[in-house]
Amino acid sequence: MTIYSRFAAHVDSALDALVAAGELPAQTVRAGVTVEPPRDAAHGDLATNAAMVLARQAKTNPRALAVQIAAELEKIEEVKAAEIAGPGFINLRLSDSCWIAGLAEIARLGPDYGRSDMGAGRTVNVEYVSANPTGPMHMGHVRGAVVGDALASLLEFAGHKVVREYYINDAGGQVDTLARSAHLRYREALGEDIGAIPEGLYPGDYLVPTGVRLAEKFGDAYKDANESEWLVLFREEAVNDMMDMIRADLALLGIVHDEFASEAQLHVEGKAEAAEAELRSRDLVYDGILEAPKGKTLNDWEPVELPLFRSTKFGDDQDRPIRKSDGKWTYFGADLAYHFQKLQNADELIDIWGADHAGTVKRIKAAVAALAGEDAKFDVKLVQMVKLLRDGEPIKMSKRSGTFVTLKEVVDEVGKDAVRFTMLTRKADAQMEFDFAKVVEASRDNPVFYVQYAHARIQSMLRKAAADGITPSDTHLDTLGAEEIALIQQAAQFPRIVESAAQSREPHRIAFYLNDLSAAFHGFYNLGNDRPEKRILMADNAEMTAARLFLAQNIGQTIANGLAIMGVEAANEM
RNA sequence: GCACCCGUAGCUCAGUCGGAUAGAGCAUCAGAUUCCUAAUCUGAGGGCCACAGGUUCGAAUCCUGUCGGGUGCACCA
């Protein structure tokens with residue numbers, strides 16, 4: 001139990017006492033009452049807004065009610081003082097022993113410190129990456145991949161059962177193009193001069209090995225065959241190769257999915273037909289004609305009757321086709337069936353999408369609501385674009401010429417940890433810049449190194465002390481002073497940071513917290529420069545050294561736990 | 001034209017289910033290394049929270065509108 005949850009209970013008891021004394025109406029609604037660290041540490045250790053939130057219900061003014069609540073809270077052993085401030089905040093000062101107990105708690109829990117049961121074991125399916133299986137991962141995929149992966153870890157740490165899922169778009173026109181491109185490389189591998197790659201096919205070299213592999217596997221059986229003889233086969237073969245490549249790319253970032261769902265398989269199982277039948281029976285799908293797109297002129301647009309989903313009933317600006325005029329499924333048509341299927345095996349769904357798909361959020365949410373009910377838990381998290389820079393200059397990317405920056409190139413240049421950490425130093429729904437020069441820079445400006453350095457510094461001290469025969473010990477924690485307590489207070493926040501980050505699905509909060517905690521530690525460490533009596537390793541005081549090492553060790557543990565959520569290594573030396 | 005995201009210090013960004021004097025890094029200026037890793041630390045200056053209304057005890061935070069930046073607006077995926 002954290003200090004915060006314990007005091008939330010204390011405040012609750014204090015309110016109970018007031019109800020019993022007839023000072024508060026029995027049916028007082030306590031929603032909105034919080035116990036938090038005050039914004040300004042000078043105000044105290046904890047603050048509650050209880051009096052301000054409840055004053056109206058108690059038919060009194062906040063400060064008068066605060067006096068009564070504060071009187072109750074002062075009866076608690078751990079409370080040194082309860083002061084009323086501002087419009088009616090109650091600021092609590094806690095005894096040092098209270099914080100020292102918090103430190104012992106970190107040590108007791110170790111790698112589990114900060115873990116929460118908030119999720120109550122509910123299953124959350126997090127779908128992320130889901131890049132088309134037509135080529136290697138590039139920079140455009142990286143942010144979503146990292147954010148999705150960190151969010152999955154965060155939710156896991158917060159007590160959810162998490163499924164990490166990848167949706168393979170292996171049924172659309174793009175994989176036919178892939179198959180044709182692979183066939184070309186296959187002919188090339190058989191010795192044919194294929195010349196320049198024709199417009200409309202994938203030109204990348206990454207298909208060369210696939211061509212070679214297909215030549216070895218099939219010989220010249222399909223060399224001059226009609227497309228209908230090899231298209232399905234080559235599509236399957238090429239998609240498998242691409243997925244192997246994508247899995248290898250993701251592994252460079254430490255990302256491993258639990259499930260790979262195939263769109264093609266979905267169709268084999270008739271899921272889309274089933275969804276359509278269901279929706280038609282409820283008049284949510286009908287045959288209709290789309291209006292011409294606004295805001296742009298299309299030369300080849302002509303009205304066609306298509307099966308449309310009534311997404312306008314759910315706030316979309318247009319009904320959306322689920323099949324094309326050739327009878328094949330649209331991406332949306334398959335996607336709604338896919339989401340319905342996912343909901344069968346999870347309590348909650350989260351999709352991580354690139355911001356360029358923002359326009360399709362409404363329709364898929366509408367479809368999920370229609371198929372699974374309005375209260376189905378489904379959220380789409382949009383991840384904004386990353387602007388790539390080198391020394392402040394934009395890096396030009398062009399898919400056409402094939403000069404996009406691949407994930408592998410980025411990881412090779414700056415390293416997995418720097419990529420992951422940097423991608424989490426900005427909230428997902430805001431655009432970010434990624435400057436190669438800055439990301440590899442080892443300085444205060446770069447939180448990756450700053451946080452890792454704090455951890456490495458702690459490990460270094462522990463090694464040095466061990467060499468001198470001193471190990472961390474909790475037997476003399478009463479020697480810790482005000483500066484040490486302040487550090488514990490910072491570490492004590494970790495569990496609530498985890499919960500609030502998980503609640504709001506914002507893994508970047510962990511990164512910012514670790515930066516703050518590391519700053520607190522570096523500051524504490526440097527106290528010893530001017531004040532030798534504040535040094536952690538003190539040759540003439542083994543007891544105090546052991547106590548401070550114990551503190552440092554658990555700050556290190558907290559940092560390591562946070563980094564683990566982010567998927568970043570906790571460096572032991574730098 | 002419509003939809004979504006963003007607008008906070010010179011720069012890059014936190015803070016937004018309403019709370020106290022709006023924070024951090026970089027940059028600028030002034031300091032700290034006979035000392036546990038200076039990849040660090042201490043201090044100073046720097047703000048009309050885009051703008052205008054509204055809601056209320058209280059608004060960077062919620063609502064409406066305006067302006068500015070980005071993204072999207074196929075039967076693509």
Side-chain angles (χ1 to χ4, degrees), chain A residues 32 34 38-40 42-43 47 49 52-53 55-56 61-62 85-89 91 130-132 134 169 171-175 263 290 292-296 298 300-301 304 306-307 315-318 320-326 328-335 354-362 382 384-385 387 392 425-433 435 438 441-447 449-450 452-454 456-461 464-465 503-504 508-509 511-512 515-516 518-519 521-530 532 535-539 545 548-549 552 573-574:
Chain A
T34 60
R39 186 170 288 180
D40 185 344
H43 290 137
N49 61 354
M52 291 184 293
V53 173
R56 187 172 298 176
N61 72 68
F89 286 99
N91 292 324
S130 299
N132 281 337
T134 55
N169 302 131
Q174 83 285 357
V175 282
E263 182 185 354
L290 278 181
K294 299 191 174 77
K296 52 157 55 173
L298 290 179
D300 55 352
W301 191 87
V304 178
L306 294 167
D316 203 354
D317 9 297
Q318 206 180 14
R320 304 291 175 175
I322 61 171
R323 288 182 192 250
K324 308 181 218 175
S325 47
D326 64 2
K328 287 185 181 163
W329 295 96
T330 62
Y331 181 85
F332 172 63
D335 211 27
D356 51 344
H357 289 71
T360 64
V361 172
K362 271 187 186 167
L382 292 178
Q384 285 288 340
M385 305 284 119
K387 226 182 272 178
T425 53
R426 186 89 163 88
K427 61 181 178 228
D429 49 12
Q431 294 166 56
M432 84 181 296
E433 294 185 349
D435 192 321
K438 277 194 178 155
E441 188 180 299
S443 74
R444 180 73 179 93
D445 193 20
N446 192 337
F449 293 93
Y450 187 73
Q452 286 190 321
Y453 180 41
R457 208 174 211 183
I458 289 166
Q459 302 312 313
S460 163
M461 270 188 306
K464 188 177 168 71
Q503 187 89 47
S504 54
H508 76 276
R509 294 192 190 201
F512 281 91
N515 204 47
D516 288 347
S518 299
F521 177 76
H522 285 309
F524 175 70
Y525 176 93
N526 275 277
L527 279 178
N529 289 339
D530 296 331
R535 296 182 52 167
I536 294 171
L537 304 180
M538 294 198 298
T545 299
R548 287 182 183 162
L549 279 174
E573 53 189 329
M574 295 180 76

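Letters A, B, ... are given to chains in the order of the sequence lines, protein chains preceding strands, and every chain is numbered from 1. Just so it is clear, the model here is predicted, and its values are computed rather than measured.
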Base-pairing assignment for B/rG58 (Watson-Crick or G-U wobble, both under 3.5 Å): none

Separation between the P atoms of B/rC63 and B/rU21, rounded to whole Å: 24 Å

Sugar-phosphate, base or nothing in reach of A/Ala456, heavy atoms under 4.0 Å: base

Watson-Crick/G-U partner (both atom distances under 3.5 Å) of B/rG53: B/rC63

Backbone of A/Lys438 reached by a side-chain donor or acceptor of A/Asn446 within 3.5 Å: yes

Ring-on-base stacking B/rA20 with A/Phe89 (under 5.5 Å, under 30°): yes

Under 5.5 Å and under 30°: A/His357 stacked on B/rA77: yes

A/Arg509 CZ to B/rG15 C1', straight-line distance once rounded to whole Å: 9 Å

Nucleotide forming a Watson-Crick or wobble pair with B/rA9, both distances under 3.5 Å: none

A/Tyr450 side chain near A/Asn515 side chain, heavy-atom distance below 4.5 Å: yes

Nucleotide of B/rC75, B/rG69, B/rA3 approaching A/Gln431 most closely (side-chain heavy atoms): B/rG69

C1' gap between B/rU8 and B/rG25, integer Å: 15 Å

Distance-only donor-acceptor test (3.5 Å): side chain A/Ser325, base B/rC75: yes

Sugar-phosphate only, base, or nothing, as touched by A/Thr330 at under 4.0 Å among non-hydrogen atoms: sugar-phosphate

Touch class at under 4.0 angstrom, heavy-atom based, for A/Pro38 against every strand present: base

Residue matched to B/rU16 through Watson-Crick or wobble contacts both under 3.5 angstrom: none

B/rA27 to B/rU66 separation - C1' atoms, rounded to the nearest Å: 34 Å

Residue A/Ala47, side-chain atoms from C-beta onward, closest of B/rU16, B/rA20, B/rA39: B/rA20

A/Asp356 (side chain) and B/rA77 (base): donor-acceptor pair under 3.5 Å: no

Gap between atom NE2 of A/His43 and atom CZ of A/Phe89 - 0.5 Å precision: 9.0 Å

Inter-nucleotide P distance (B/rG10, B/rG46), Å rounded: 11 Å

Phosphate OP1/OP2 of B/rA32: any A/His522 side-chain N/O under 4.0 Å: no

Among B/rC5, B/rA39, B/rC75, the one nearest A/Gln384 by side-chain distance: B/rC5

P atoms of B/rG45 and B/rA30, separation to the nearest Å: 15 Å

B/rG19 to B/rA77 separation - P atoms, rounded to the nearest Å: 46 Å

Residue A/Leu382, side-chain atoms from C-beta onward, closest of B/rA77, B/rG19, B/rC4: B/rC4

Whole-Å gap separating C1' (B/rC75) and CD (A/Gln318): 11 Å

B/rG7 and B/rG47, which share atom name C1', separated by this distance in whole Å: 15 Å

A/Leu549 vs A/Leu537 side-chain heavy atoms within contact, under 4.5 Å: yes

Nucleotide B/rC4, atom P - distance to CG of A/Asp317 in whole Å: 9 Å

Pairing nucleotide - B/rA3, Watson-Crick or G-U, each distance under 3.5 Å: B/rU71

Non-hydrogen side-chain atoms of A/Met432 and A/Thr425 separated by less than 4.5 Å: yes

Pair partner, B/rG47 [Watson-Crick or wobble, under 3.5 Å]: none

Selected nucleotide, minimal atom distance to A/Phe512 side chain, candidates B/rC41, B/rA14, B/rA77: B/rA14

Aromatic-base stack, A/His43 on B/rA20, cutoff 5.5 Å, angle under 30: yes

Nearest-neighbour nucleotide for the A/Tyr450 side chain, B/rA39, B/rG19, B/rC41 considered: B/rC41

Nucleotide forming a Watson-Crick or wobble pair with B/rC41, both distances under 3.5 Å: B/rG31

A/His508 and A/Phe512 aromatic ring geometry - parallel, tilted or perpendicular at 30°/60° bounds: perpendicular

Atom-pair distance (CG on A/Asn529; P on B/rU40), nearest Å: 13 Å

Residue met sooner reading RNA chain B from 5', once A/Thr360 and A/Ile536 are mapped to nucleotides: A/Ile536

Sugar-phosphate only, base, or nothing, as touched by A/Asp530 at under 4.0 Å among non-hydrogen atoms: sugar-phosphate

Listed nucleotide nearest any side-chain atom of A/Asn526, set B/rC4, B/rU40, B/rG19: B/rU40

Which atom of A/Pro87 lies closest to which atom of A/Pro62, heavy atoms considered: O-CB, 3.4 Å

Minimal non-hydrogen separation, A/Ile458 against A/Phe521, with atom names: CG1-CZ, 3.4 Å

Separation between the C1' atoms of B/rA59 and B/rG53, rounded to whole Å: 13 Å

Sugar-phosphate, base or nothing in reach of A/Ala355, heavy atoms under 4.0 Å: sugar-phosphate

Under 4.0 angstrom between A/Arg426 side-chain N/O and B/rC6 OP1 or OP2: no

Flag side-chain contact, heavy atom, 4.5 Å: A/Asp429 against A/Leu382: no

A/Lys324 side-chain N/O to B/rA77 phosphate OP1/OP2 under 4.0 Å: yes

Closest to side chain of A/Leu306, choosing from B/rA39, B/rC6, B/rC75: B/rC75

Whole-Å distance separating the CD1 atom of A/Ile322 from the P atom of B/rC76: 12 Å

Among B/rA77, B/rA38, B/rC75, the one nearest A/Arg457 by side-chain distance: B/rA38

Side-chain N,O (A/Lys427) to OP1/OP2 (B/rG15) below 4.0 Å: yes

